[in-house]
Structure formats: structure tokens, C-alpha cells
Amino acid sequence: MINTKSSIDPNELRKLFPIFAKRSLVYLDSAATSQKPEIVISTVKKFYDEYNSNVHRSIYDISQEATEAYEIAREKIAKFLNIDKVNSIIFTKGTTESINLIAYSWVRHNLQKDDEILITEMEHHSNIVPWQLACKDIGAKLKIIPFEMDGTLSNPEKYFSKKTKLVSVTHQSNVFGTINDIDKIITLAKKYNAISVIDAAQSVPHFPVDVKALDCDFLAFSGHKMLGPTGVGVLYGKPELLEKMNPFLGGGEMIRSVKLNESTWNDIPWKFEAGTPNIAQAIGLGAAIDLLNQIGMKEIHNYEKKITDYTINSLKEIDGIKIYGNAPNRGGVITFNIDNIHSHDLAQIVNNDKIAIRAGHHCAQPIMNKLNVSSTARVSFYFYNTFDEIDLLCNSLKKAINLFK
Ligand code: 7TS
């Protein structure tokens, strides 16, 4: 029997999300993007209703208010990650832009021909392609730590060498749900004098991440996967690295002075925030963090562990199901296929029961290639999912099997 007891009451917490009152929806795709609570929506609306203006530019009241709210959001993020130096938090568009920023502003200025970047075979495309592009420009090599068929990484040290200059690894896989031992990766990076980058897109939203304790060099995540609006994400970088790095995008706000033939740069983090940022979205992300803190990240993680165990047990009862990944330490993402039914057909059929699941390659084609499948179905959770919803999913999947008999 799975213990389903938790301090989280998903039925109560669901009431914070307007979408669940407005439509019948079993939403099992939070790894793609989370739903948005009323407090985030109203915080964004309040910005536009009451103090819409640009930041860091003007002395009139509403501009001061906007600047203060934007910078308070940055402070909330630093605190959430247990980071002392607020200037190490850069607002970006999301994980993808955060990783590209490192590839442009650090890698292209610090790597040389034949140097190596190390990633794993279980990365999202956004933690593969930026490095491929950079390696191509520099003549550097992209090396891969393969995953085992249970969705874990074994013996990563084998792939490090004196040439390894940067290692970038996902904290939690968006396909297998595996929570990787990033402490080990960061320790290895230090041993080999390489820069460590953590793709925390699937971890920061779901369990406590203590960046001070991790002591990684960079960490990237997206606001929209953690109750926040789309269009805002974060890059954490060690200030001593950020200080030395070249800017990413050039334009307004990232400068100290501009002459027609040369310019100098603003302090960090603003050196990396060219142009008008996503102000309302950043402030909305601050509201999301307040709510996550109220609910409790440990509690969220424990609840998601329980619903994940319950789902795996329930899915295993279904004939012809194959679940990919079986890591002992995992989060709320489960990927599977059912014999003779294409994952897109599965997603379509459960959609008729108002159940939203993801089907496809999950922006992780190298994983699909190794599993020898073109696509899979995937369910992923947040604290607003109930055990009843899992029963509805399993009934709907059984209906699909009967349809294809
Ligand atoms: N890294 C991981 C591990 C991810 O899961 C995602 C998005 C990204 C990076 C990119 O985040 P973005 O906000 O910049 O797009 N993952 C997914 C997913 O699994 N389904 O849709 C998006």
C-alpha cells in the first residue's frame, strides 16, 4: 500500500488556481508549464492597472514603484535559493536563454580549440544545442556522459579529463524524472577545474534547492514551471565569474557609458539585462515564490513523491505498459508507452476525458534514440494534482487499450 497521507491538501490548494474552477481539467503536464494561481495573475494585473512603467529609468512615482517591485522579486529569488549576493541573480526569458547566455558570454570567450564541454545523454535540447553551436564556433568538443537504461548516470568521472572546461547537467530529467547526483558532478567539476552548470528547470519548482550548499558556478531555471508567468527565468552565476564575463546582448540599461566608438558596462546583474525586461513577469514570479514558500518546498516534494509512487503502482497494473526510467531518487515525471498504441493517439484519447498529458519526444531526442522509440507519453505533477485524477487517468488509458484491441 502506498502511504497517501500528506500535509498538502491538493483539493484545497486547487482552489487557488482559477483555471480549475473554470473548466473540467485533469492537468498532468506541469513539466511543460505549471498552472497559474490567482495571486500571480492578480500581481501581474496590478502592475499594469496601477503602476505600469519602465524600470531603472525615471524618477516619477510609478517608475520608482516598478523598479522597487522588480528588484524585490530578485531578492525573493536569491532568498529562495539561499543565495547571499542578490547581484548573482540575472533575469532572463527562461532556462533556454540562461544557458545560451553562458554559451555566448563565458564559453565563447574562455574556451579554445580542442577544449571539452561535458553534458549528459539525458539533457533537454536547450542544454545540448547551445553547446553544439559554441563548440562549432570554437572548434571545441562536446562530450557525453551516457545514461543507463534505468535512467541514471553511472560513473560520470570516466568522462572528465584535463580538457574538460565546463560541465552542464540537468538536476532532474524531464523524461525519466531522475534526480541526478549533482553534488558529485559539481565536486568533479572542481577537481578538474571545470565550470559547473546546473539545468534546474525541473528541480527548483519542485524541491528545495540550496545554491550556497551546492556551490555550483551557474544554475538556470524558468519561472513558468513554478507557478510564475511565461517570459521570465533566471540565471544564477557566481559574481566573480559574472564580473569577468562579456555582456550577452547589447542595448539600453546594460551600459555605464556609450560613445559612438566604444562603451562600458553596467554593474552585474544589469550588465546582462539589456533592454526593457519582462517587468510584470518578474514581479509575478516573486508572487509565485511567496506562495511556494507558504506551501513549503519540502512538503511539495514529499507530496509529489507520494503521488508519483501511487501513479507508478497504478500504471504497472495496465497491460502492455512500459515505463521508462526507474531511478531510486526521482521526482514527479513519468514517461511510458503502451504496446501498439502511438503516444499521440493515447494523448488524444485521454484528452476526450479532459485529461492533459504530453506526447512526443519531450525536446529530448537523444533519449528517444537510445530508447529506440520515436515518442512516448508523459505525465508530470504538481501539488494541485489529486490521487483521484490518477485513477481517472488509468481508467482512460484502459479505455484506449480497449479501443485499439
Ligand atoms: N531544461 C529542462 C530540463 C526542461 O525540462 C526544459 C523545458 C528546459 C530546459 C527549457 O525550458 P524553457 O522554459 O526555456 O523552455 N521542458 C519542457 C518539457 O519537458 N515539456 O515542455 C517543456
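Reckoned from all heavy atoms, side chains included, excluding hydrogens, waters and symmetry mates. Each ligand, and each atom within it, is numbered from 1 in the order the structure gives.
Remark: minimum distance from atom 19 (O) of ligand 1 to any protein heavy atom is reached at Arg378 NH1, 2.6 Å. Summary of contacts: the protein heavy atom closest to atom 7 (C) of ligand 1 is Lys225 NZ, 2.8 Å. For atom 6 (C) of ligand 1, the closest non-hydrogen atom of the protein is His124 CD2, 3.3 Å. Nearest protein neighbour of atom 15 (O) of ligand 1, counting heavy atoms only, is Thr96 OG1, 3.7 Å. The nearest heavy-atom contact from the protein to atom 5 (O) of ligand 1 is Gln202 NE2, 2.6 Å. With respect to atom 20 (N) of ligand 1, the closest heavy atom belonging to the protein is Arg358 NH1, 2.6 Å. Ranking the protein heavy atoms by distance from atom 2 (C) of ligand 1 puts Asp199 OD2, 3.4 Å first.
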Under the salt bridge (charged side-chain N to carboxylate O under 4.0 Å, His left out) rule, what do Glu116 and Lys141 come out as? Steps first, then yes or no, please. CA-CA 5 Å; Glu116 291 174 0; Lys141 289 202 182 80; 5.3 Å; no
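When non-hydrogen atoms are compared, ligand 1 lies under 4.0 Å from the backbone of Thr95 as well as from its side chain. With a heavy-atom cut-off of 4.0 Å, Ala201 touches ligand 1 through its side chain alone. Residue-level proximity to ligand 1 for Lys93 is absent, since no heavy atom of it falls below 4.0 angstrom.
Shown here is Lys85, whose NZ atom has no more than 12 heavy atoms of other residues, nucleotides or ligands within 6.0 Å.
The distance from ligand 1 to the heavy atoms of Thr170 drops below 4.0 Å at these ligand atoms: 3 (C). Numbered from 1 in the order shown, with element, the atoms of ligand 1 that lie under 4.0 Å from a heavy atom of Ser222 read 11 (O), 12 (P), 13 (O), 14 (O).
Ligand 1 lies within reach of Ser126, whose nearest heavy atom is under 4.0 Å from it. By the 4.0 Å heavy-atom criterion, His171 is excluded from the residues contacting ligand 1.
Side-chain N or O atoms of His344 include none that pairs as donor or acceptor with a backbone N or O of Ala377 at under 3.5 Å. Between the side chain of Asp210 and the backbone N or O of Lys212, at least one donor-acceptor pair lies under 3.5 Å. The main-chain N or O of Ala364 is found under 3.5 Å from a side-chain atom of His125 such that the two form a donor-acceptor pair. In this structure a side-chain-to-backbone donor-acceptor pair under 3.5 Å is present from Ser222 to Thr95.
Within the model, atoms CG of Leu227 and CD1 of Ile41 stand 10.5 Å from one another, a figure rounded to the nearest 0.5 Å.
Here the two rings, on Tyr303 and Phe383, have centers that are 6.0 Å apart or farther.
Counting only N and O atoms by type, the side chains of Thr264 and Ser257 include a donor and acceptor under 3.5 Å apart.
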